[in-house]
Amino acid sequence: MEISFLNDLNDSQRLAVEYTDGPSLVIAGAGSGKTRVLTYKIAYLLKTGLAPSSILALTFTNKAAREMKGRIGAIVGERIARYLWMGTFHSIFSRILRNDADRIGYTKNFTIYDTSDSNSLIKSIVKELKLDEKQYKHGLVHSRISFAKNNLITPEAYLANHDMMTADVNSRVPMISEIYKIYCIRCKKADAMDFDDLLLHTNILFRNHVDVLQKYQQAFSYILVDEYQDTNFAQYLIVKKLAEQHERICVVGDDAQSIYSFRGANIDNILKFKNAYQHTKIFKLEQNYRSTKTIVNAANSLIDKNKAQIPKTIFSEKDTGELIKVLSVFNDLEEGVIVANHISDLRNKENFSYQQIAILYRTNAQSRVHEEALRKKGIPYRIYGGLSFYQRKEIKDVIAYCRLICNPNDEEALKRIINYPTRGIGDTTVNKLIECAQLHAVSAWEVMSDMLRYNLAVNAGTANKLAQFRNMVNVFSEQVTTQNAYDLVTGVVKVTGVISDTFVDKSPENISKRENVEELLKAIFEFSDTRQKSKEPTLLPDFLSEVSLLTDQDTDKESDTDKVTMMTVHAAKGLEFRAVFIVGMEEDLFPSPYTVSNERELEEERRLFYVAITRAEELCFISYAKSRFRNGKINFSNPSRFIKDINSEYLDSPKEKEFEPRQSRFGNWDEDMDMERNIFGQQDYSKPKPVEPFAPRILKRLVKFEGSNDEKTVTTNGSIPADAFVKHATFGIGKVVKTYIDNGNEKAEIDFGEKGIKSLLLKFAKLEVIE
DNA sequence: TGACCGCGTCTTTTT
DNA sequence: GACGCGGTCA
């Protein structure tokens, strides 16, 4: 079969694309056209007659999936590409889990707990068990639980696992197995899964229900996995099971770029792939199309120092290019200034645009000095990382309402908003509620639904407040299956008071909060809109299941504007820039001091540096400072050991004696740097940074919440709009179903949720319309 | 219940 | 230096 697009590939790429009979491993060096191979391979499979719905392609980010889908669409047509099973492990398998959720004791609408939900739950369990919270830090406990789940160790298996148990005893946290057990029970009671559960429960589903496994084994006749070096055991096993029959599977990755072991990724998956699949064909993509010879060779000489790796020879046929320039600076402030100067030279003298330049660092905290230096020189920049849109408090609050409405058993959502905005239900009450729920082995919501039966020990006033809150949620819950997500959530933010809470004063924080909520509604509208066009469901649970797996990487903003990129090295994986500045190359920073005692972890740090260098197409700068302001004090340190790992023939290093006299064009450094600090110090860092607008900005603003909150209620004198939310003195909050004239009197039929649908005479019923 | 203060901690983070 | 957390007080 002659397929013309294959002519775009080199020989090794083409071989990798065309081999589809059995298992294959594609070792794709940095810049070797990995994405191209994957997309062409899928296009090739489609052209050879495979149905798109029989191809499963797993990626590590939503963004990667989306981009690849777009590229494939460009080759084979969007209408075909749409039916590919392409997405992250988590999104694909959450979809599969929802289909058969009842088989493993969940409902279709199960909640996905994010990291902070998990941590919050762990904290409350530690408290309930009366354990020392300093000893059982939520971060530590969570990472142990996460590790267990990623390795498919259930709570029972954990107890029986000698290694895990002795490790816990030795670390003086012997109760982790108990916390883990309770954590799982609580998640299940809340109809919630955390990120790791999505993989663990997929394995459980496949193990316990062979018919389900077989269904998907037959459905997927070819499986592709991207970034295979970053998969964990749970992911390995899912793939292994699905591919068991036909072994038509292709995994792509680069062991030299495995940098996520701290999240459970196991590099052995790629190193030992051929043991797992016996007749594996290995393809190596060794030509780097991205970088100059110097950069490729320098990176090779670095990664050579690692022991565990698949042998390969990455080469470039581009120009030799410039040496990697090593910048030795006095301190962090000078580093900022010098990098900024270089950037402005590149732009003014070397014809670089800002967006072709990146500053990469090991830790987010390092961004500050560079930010300041660039700002002072008027260089535009964009910092990636930090708080994502969906992690902002006001957004999480609204999402928590949504979650609770769709799944009232969601305990973390309940805790979050039961007293936000303030409605007189304090910690004491919440604790009583949860204790009572534990006592009767039911969810907190169940207790709230029948407080008398569970004998909840609160006074009448509190009970009334709880009932009011419950009724409000119920009114919304009833509409989950009938209202589209956008209309429903618009009602939610009005009625719950989330929006009026932002009108209490005119502070910039409140204004930005309100704008963010509006942006969220816009995102929900876009979701409903696009879904509607393709005739897919537009209900709130559909939106939630999607949004819980989104990260800020997916809301890529203003990519068309010309700005310098600043991000951690981790975040830069997969990207490329004409010029790259790798800053803070010091001992105690890069490699991270947490890793140097462990050879395996140190090798991962070296790979991280390898990733950083190989982002550069033409120019690479490495800087290190003799002193750095960190954790509130000045730290002195030496150049990173990794700089010595690079063959010196590729480096343009400073001569040692340049260090000695602290002279510079500014005169005495110490004084000048103090002065600089004072200048910086005058700026008010305490003010919140301007809030990044949430993209994509496609649609015009849909809703704008106007006005002050003191006029939010209107006593009706006759007409109220249908669909309005109203408040009644006895029945609480309800929704107007319809209004009509009866015997010459205006009446309204109002749905008060649990209290039923009531027909009320408008001239008697003192209704407040909630705007 | 919420505002405020002092203390301890501080990596990376595709989901 | 900055943030999150827990404790205290109005």
Side-chain angles (χ1 to χ4, degrees), chain A residues 58-66 87-94 112-116 118-120 123 127 133-134 137-139 142-143 146 149-150 193-199 226-227 229-232 234-235 257-265 332 360-366 368-369 384-388 390-391 419-430 462 465 546-554 567-575 584 588-596 601 604-605 607-609 611-612 629-635 677 680-681 685-686:
Chain A
L58 297 164
T59 61
F60 260 73
T61 60
N62 295 302
K63 196 178 163 195
R66 207 166 42 236
T88 62
F89 272 91
H90 292 82
S91 68
I92 295 282
F93 293 109
S94 71
I112 297 175
Y113 273 177
D114 69 13
T115 312
S116 62
S118 302
N119 282 332
S120 151
K123 266 186 261 177
K127 229 178 226 166
E133 288 165 61
K134 297 221 166 66
K137 284 187 248 176
H138 59 259
H142 188 211
S143 75
S146 181
K149 287 185 178 177
N150 287 157
M193 293 196 203
D194 66 17
F195 288 139
D196 303 315
D197 281 333
L198 296 174
L199 306 174
D226 191 13
E227 305 282 14
Q229 76 281 357
D230 289 328
T231 51
N232 59 37
Q235 291 166 322
Q257 293 185 63
S258 159
I259 54 173
Y260 280 100
S261 79
F262 70 92
R263 286 198 46 77
D332 49 344
L360 306 181
Y361 34 78
R362 178 67 240 264
T363 66
N364 279 312
Q366 289 165 258
R368 168 68 71 76
V369 280
Y384 288 78
L387 211 57
S388 91
Y390 286 103
Q391 286 168 347
N419 198 34
Y420 176 79
T422 319
R423 49 175 75 87
I425 305 172
D427 287 348
T428 324
T429 308
V430 173
T462 310
K465 285 171 190 162
E546 197 148 291
V547 89
S548 47
L549 295 171
L550 279 185
T551 61
D552 64 331
Q553 302 284 321
D554 300 310
M567 54 170 60
T568 63
V569 182
H570 281 94
K573 197 170 98 167
L575 305 178
D588 302 335
L589 188 57
F590 199 171
S592 159
Y594 296 85
T595 65
V596 291
E601 290 179 36
E604 176 150 317
E605 291 283 302
R607 291 194 293 270
L608 190 59
F609 187 33
V611 168
F629 199 69
R630 207 148 65 95
N631 297 344
K633 55 179 191 285
I634 295 174
N635 287 44
R677 265 197 218 291
F680 286 5
Y685 292 129
S686 61

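Note that the coordinates shown come from a computational prediction; the quantities given were computed from them, not determined experimentally. All chains are named by letter (A, B, ...) in the order of the sequence lines, taking the proteins before the strands, and each is independently numbered beginning at 1.
- Both A:G426 and A:S548 sit near DNA chain B, but only A:G426 has its closest nucleotide nearer the 5' end.
- For the OP1/OP2 pair of C:dG4 and a distance below 4.0 Å, the side-chain nitrogens and oxygens of A:N119 include no atom meeting the criterion.
- For the OP1/OP2 pair of B:dG2 and a distance below 4.0 Å, the side-chain nitrogens and oxygens of A:T422 include at least one atom meeting the criterion.
- Whole-Å rounding puts the A:L199 CG to B:dT14 P distance at 15 Å.
- At the heavy-atom level, A:D196 lies nowhere under 4.0 Å from the strands shown.
- Taking every side-chain heavy atom of A:R368 into account, C:dA2 is the closest of C:dA2, B:dT13, B:dT11.
- Listed by chain and residue number, A:E227, A:D230 satisfy the salt bridge (Lys or Arg N to Asp or Glu O under 4.0 Å) test with A:K573 (two or more places apart in sequence, or in another chain).
- Regarding A:N62, its CG atom lies at a distance of 11 Å from the P atom of B:dT14, rounded to whole Å.
- In this structure, A:Y260 reaches the bases: a heavy-atom distance under 4.0 Å links it to at least one base atom across the strands shown.
- In this structure, A:D114 reaches neither bases nor backbone, as no heavy-atom distance under 4.0 Å exists between it and the strands shown.
- Nucleic acid contact for A:R362: base, since at least one base atom lies under 4.0 Å from a heavy atom of the residue.
- A 4.5 Å side-chain heavy-atom check between A:D196 and A:N232 finds every atom pair outside the cut-off.
- Between A:K573 and the phosphate of B:dT13, there is no side-chain N or O to OP1/OP2 separation shorter than 4.0 Å.
- Applying the 5.5 angstrom centroid cut-off and the 30 degree plane-angle cut-off, the aromatic ring of A:F262 is not stacked upon the base of B:dT11.
- At whole-Å resolution of the value, CZ in A:F89 and P in B:dT13 are 21 Å apart.
- Separating the CD1 atom of A:I425 from the P atom of B:dT1 is a distance of 9 Å, rounded to the nearest angstrom.
- Residue A:T595 is classed as a base contact, given a heavy-atom separation below 4.0 Å to a base.
- In this structure, A:K123 reaches the sugar-phosphate backbone alone: every heavy-atom distance under 4.0 Å involves primed, P, OP1 or OP2 atoms, never a base.
- The interatomic distance linking A:R630 (CZ) with C:dA2 (P) rounds to 16 Å, in whole Å.
- Residue contacts shown for A:G574 are absent, as no nucleic acid heavy atom lies under 4.0 Å away.
- For the residue pair A:T595/A:S592, the side-chain donor-acceptor check at 3.5 Å is not satisfied.
- Checking A:I259 against A:T88, the closest nucleotide of DNA chain B that is more toward the 5' end is the one next to A:I259.
- Using a 4.0 Å heavy-atom cutoff across all strands shown, A:L58 reaches no nucleic acid atom at all.
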>> Assess the residue pair A:R630 and A:D588 against the criterion (salt bridge (Lys or Arg N to Asp or Glu O under 4.0 Å)); give the C-alpha distance rounded to whole Å, side-chain angles, the decisive distance to 0.1 Å, and a yes or no.
In response: CA-CA 11 Å; A:R630 207 148 65 95; A:D588 302 335; 5.5 Å; no

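- A sub-4.0 Å separation between OP1 or OP2 of B:dT1 and a side-chain N or O of A:R423 is absent.
- Atom CD in A:E604 sits about 14 Å away from atom P in B:dT12, given to the nearest Å.
- Residues A:T231 and A:F60 form a side-chain contact, since some pair of their non-hydrogen atoms from C-beta on lies under 4.5 Å apart.
- Using a 4.0 Å heavy-atom criterion, one finds that A:E227 contacts no nucleic acid atom at all.
- Remark: A:N631 is not in phosphate contact with C:dA2, judged by side-chain N or O atoms under 4.0 Å from OP1 or OP2.
- The A:N364 side chain lies nearest to B:dT13 when the options are B:dT1, B:dT11, B:dT13.
- Of the candidates B:dT11, B:dT12, B:dG2, the closest approach to any side-chain atom of A:N419 belongs to B:dG2.
- Using modelled atom types, one side-chain atom of A:E604 and one backbone atom of A:S261 make a donor-acceptor pair closer than 3.5 Å.
- Side-chain atoms of A:D226 do not come within 3.5 Å of backbone N or O of A:L58 as any donor-acceptor pair.
- Close to B:dT11, at under 4.0 Å from its OP1 or OP2, lies no side-chain N or O of A:T568.
- Looking at heavy-atom distances under 4.0 Å, A:S592 makes contact with a base.
- Note: CZ (A:F590) to P (B:dT12) measures 12 Å, nearest angstrom.
- Protein atom NE2 of A:H138 is 17 Å distant from nucleotide atom P of B:dT13, rounded to whole Å.
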